[in-house]
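Only one structure is covered here, and it is reproduced in the block below.
We count ligands from 1, going down the list as the structure has it; atoms in each ligand are counted the same way. Remember, predicted model here, so these are calculated numbers, not experimental data. The figures that follow rest on heavy atoms only: side chains count, while hydrogens, waters and symmetry mates do not.
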Amino acid sequence: MTLRSRQTPSYELLRECNYDIPKLKKFVQDNENKLTIDQQAAYTYISENIGLYFIDAPGGTGKTFELSLLLAKERMNSRIALAVASSGIAATLLEGGRTAHSVFKLPLNLANTETPTCNISKGTDMAEVLKRCSLIVWDECTMSHKAALEAVDKTLQDIRGNKKVMGGVTFVMAGDFRQTLPIIERGTRANEVQASIKSSKLWNQVKKKFQLSTNMRIHLRRDKILMMKMMLLLRMKLLNVFPETSFVWVMVRYVQIKMVKLT
Ligand SMILES: Nc1ncnc2c1ncn2[C@@H]1O[C@H](COP(=O)(O)OP(=O)(O)OP(=O)(O)O)[C@@H](O)[C@H]1O
């Protein structure tokens with residue numbers, strides 16, 4: 001997607017095309033061969049096939065690493081790749097990342113809007129970017145309301161004039177359902193599950209679901225087994241950490257059974 005076809009490229013287009021290509025090439029070259037088997041499977045398939053994908057990645061399994069490589073590979077070939085995330089913090093971890101609400105102009109009160117739509121009209125600068133892009137990655141997608149995803153699908157189909165899912169663009173959702181689901185004010189757990197992207201009609205249209213399972217933070221450290229056990233206990237809410245003493249209490253069914261010294 002070159003800029004030549006538009007006489008005065010918009011700020012939005014310039015921003016998405018203004019990457020340092022030699023730097024991206026070096027990043028891809030240096031890191032492609034570091035991918036784990038799980039990461040490689042997702043990376044190769046997604047790079048070669050258009051579709052809607054989900055990467056199930058518990059914390060530390062290299063989701064940001066994988067998404068960054070996918071974005072860099074697309075951008076180094078002068079194609080437009082958009083990086084969005086459900087939260088501002090997650091957005092800052094991806095090069096050129098912005099929140100999904102900001103990029104797709106989503107309504108704020110998604111849960112109470114009957115058929116939410118993105119506030120992007122055809123012919124606008126953002127519509128031009130969405131029309132030309134070839135890859136969209138959405139990190140922490142599991143935190144977003146399914147209505148957001150459905151609104152984006154409708155908008156992309158409309159703007160790109162393509163009735164395929166997500167208007168025929170490669171769309172990668174990444175996240176972890178074991179972490180925070182969409183927040184529903186005064187809602188129950190069931191309401192949250194009902195609002196999650198897994199309950200969306202689009203979930204059945206996900207072409208492939210990938211699973212990243214190697215915790216890279218642990219893998220890159222020496223004290224693998226202890227850390228792995230602790231992460232599991234932490235996730236199960238069976239562990240308390242007291243950083244000031246560097247001691248942890250391991251709790252089983254709310255009974256303190258063991259104290260472990262962190263070395
Ligand atoms: N294949 C890999 N080779 C070398 N380092 C890797 C690899 N995958 C991930 N890492 C490194 O492991 C660490 C954790 O990876 P990353 O931040 O991508 O995980 P994450 O799944 O996004 O975690 P979180 O959800 O907690 O943010 C980072 O320092 C990253 O650079």
Side-chain angles (χ1 to χ4, degrees), residues 19-20 23-48 53-76 81-100 103 135-144 148-149 170-183 192 196-198 206 208-239 241 243 248 262:
Y19 286 98
D20 182 342
K23 197 173 146 197
L24 291 175
K25 282 188 176 159
K26 182 159 182 352
F27 175 74
V28 172
Q29 208 174 23
D30 290 350
N31 291 295
E32 250 182 353
N33 58 357
K34 290 186 189 163
L35 290 167
T36 62
I37 294 171
D38 297 341
Q39 290 170 340
Q40 182 73 58
Y43 179 75
T44 310
Y45 195 91
I46 294 170
S47 307
E48 291 171 2
Y53 300 101
F54 178 70
I55 302 179
D56 177 17
T61 50
K63 167 174 50 81
T64 310
F65 185 80
E66 167 110 52
L67 296 180
S68 302
L69 264 174
L70 281 167
L71 288 164
K73 191 170 184 187
E74 207 64 12
R75 288 167 177 165
M76 75 179 200
L82 291 178
V84 305
S86 298
S87 72
I89 298 281
T92 59
L93 299 177
L94 295 169
E95 179 84 26
R98 284 184 288 160
T99 64
V103 172
L135 171 72
I136 299 177
V137 305
W138 188 333
D139 196 6
E140 287 188 350
C141 202
T142 44
M143 277 175 64
S144 287
L149 195 68
T170 294
F171 198 101
V172 183
M173 303 179 284
D176 179 9
F177 287 108
R178 292 159 287 257
Q179 294 181 29
T180 317
L181 291 180
I183 292 163
E192 288 177 4
S196 86
I197 56 165
K198 231 182 207 179
V206 174
K208 243 177 188 299
K209 291 159 192 144
F210 299 97
Q211 169 91 49
L212 303 187
S213 50
T214 309
N215 190 314
M216 293 310 291
R217 285 207 186 93
I218 295 167
H219 191 73
L220 299 170
R221 289 179 63 137
R222 290 233 175 91
D223 47 348
K224 291 180 201 169
I225 296 167
L226 177 64
M227 281 302 289
M228 222 174 326
K229 283 184 182 162
M230 284 187 175
M231 292 293 284
L232 186 66
L233 289 165
L234 205 54
R235 213 176 292 146
M236 292 164 76
K237 298 199 171 72
L238 296 176
L239 182 94
V241 182
V248 295
L262 286 173

field: Those residues that, when tested against E192, pass salt bridge (Lys or Arg N to Asp or Glu O under 4.0 Å) (two or more places apart)
entry: R189
message: Heavy-atom contacts with ligand 1 below 4.0 Å: which residues, ordered by chain and residue number?
response: K34, L35, T36, Q39, P58, G59, G60, T61, G62, K63, T64, F65, M216, R217, L220
- prompt: Should the ring pair Y45 and Y53 be called parallel, tilted or perpendicular, given that the plane angle runs from 0 to 90° and is split at 30 and 60?
  reply: perpendicular
message: Between D139 and K63 (salt bridge meaning N to carboxylate O under 4.0 Å), is one present in this structure?
response: yes
field: Pairs flagged by salt bridge (Lys or Arg N to Asp or Glu O under 4.0 Å) wherever residues 86-100 is involved - sequence neighbours left out
entry: E12-R98, E16-R98
task: With sequence neighbours left out, write down each residue that passes salt bridge (Lys or Arg N to Asp or Glu O under 4.0 Å) with D176, or none if nothing qualifies.
output: R178
message: Is it true that, when you exclude K23 itself, more than 12 heavy atoms of the residues, nucleotides or ligands shown sit nearer than 6.0 Å to its NZ?
response: no
